[in-house]
Amino acid sequence: MELQSILLLLTGVALAIFAARLLRAPIKLVFDWWIALVVIAAIAVTAWFVAPAEAGLIAFAALVALLFAPLRLDRAAHVAAGGGFDRRATLLAGVARALHPL
């Protein structure tokens with residue numbers, strides 16, 4: 001398997017696992033994450049038709065930028081706020097909000 005296929009498969013598996021976890025939560029609390037999953041899947045499908053040679057990289061980049069980065073930045077903001085680093089927490093939360101605006 002080539003790298004693009006592996007990244008596309010990895011993106012699909014990650015989306016499926018995340019969707020399975022979202023099914024257990026109340027829809028009102030996770031509606032924005034469902035939208036993010038649909039956007040990532042739409043980017044992957046569009047990339048498959050527009051640029052099939054780079055589809056895996058594009059889909060994986062969308063997964064990281066729209067799913068993993070906001071989750072990690074939000075967690076880092078909570079840790080910083082708990083440690084009393086309010087300025088850093090505000091900065092991290094702002095970046096997370098920019099990546100996941102819903």
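- Taking both residues in full, the closest heavy atoms of Ala89 and Ala77 are given as CB-O, 3.4 Å, listed atom of the first, atom of the second, then distance.
- With rounding to the nearest 0.5 Å, the separation of CD1 in Ile58 from CG in Leu63 is 14.0 Å.
- Not counting sequence neighbours, the partners of Ala76 by the side chain to side chain contact (heavy atoms under 4.5 Å, CB included) test are Arg72, Leu92.
- Inter-residue side-chain proximity for Trp34 and Val38 is flagged as unmet; no heavy-atom pair is nearer than 4.5 Å.
- In this structure, Ala44 and Ala59 approach most closely via the heavy-atom pair CB-CB, 3.6 Å.
- One hydrophobic cluster, built from ILVMFWY side chains closer than 4.5 Å, cannot hold both Leu67 and Val45; they sit in different ones.
- Remark: Leu66 engages Val39, Ile40, Ile43 in a side chain to side chain contact (heavy atoms under 4.5 Å, CB included) (not counting sequence neighbours).
- We find the CG-CG distance between Asp86 and Leu91 to be 12.5 Å, quoted to the nearest 0.5 Å.
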Under 3.5 Å, sequence neighbours excluded: what are the donor-acceptor pairs made by side chains of residues 8-30?
from, atom 1, to, atom 2, distance (Å)
Thr11, OG1, Leu7, O, 2.8
Thr11, OG1, Phe60, N, 3.4

Decide side-chain contact (heavy atoms from CB on, under 4.5 Å) for Phe31 and Ile35; before the verdict, give the C-alpha distance in whole Å, the side-chain angles of both, and the deciding distance to 0.1 Å. CA-CA 6 Å; Phe31 185 71; Ile35 292 174; 3.3 Å; yes

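- What you find for Ala55 and Gln4 is that their closest heavy atoms are N-OE1, 4.0 Å.
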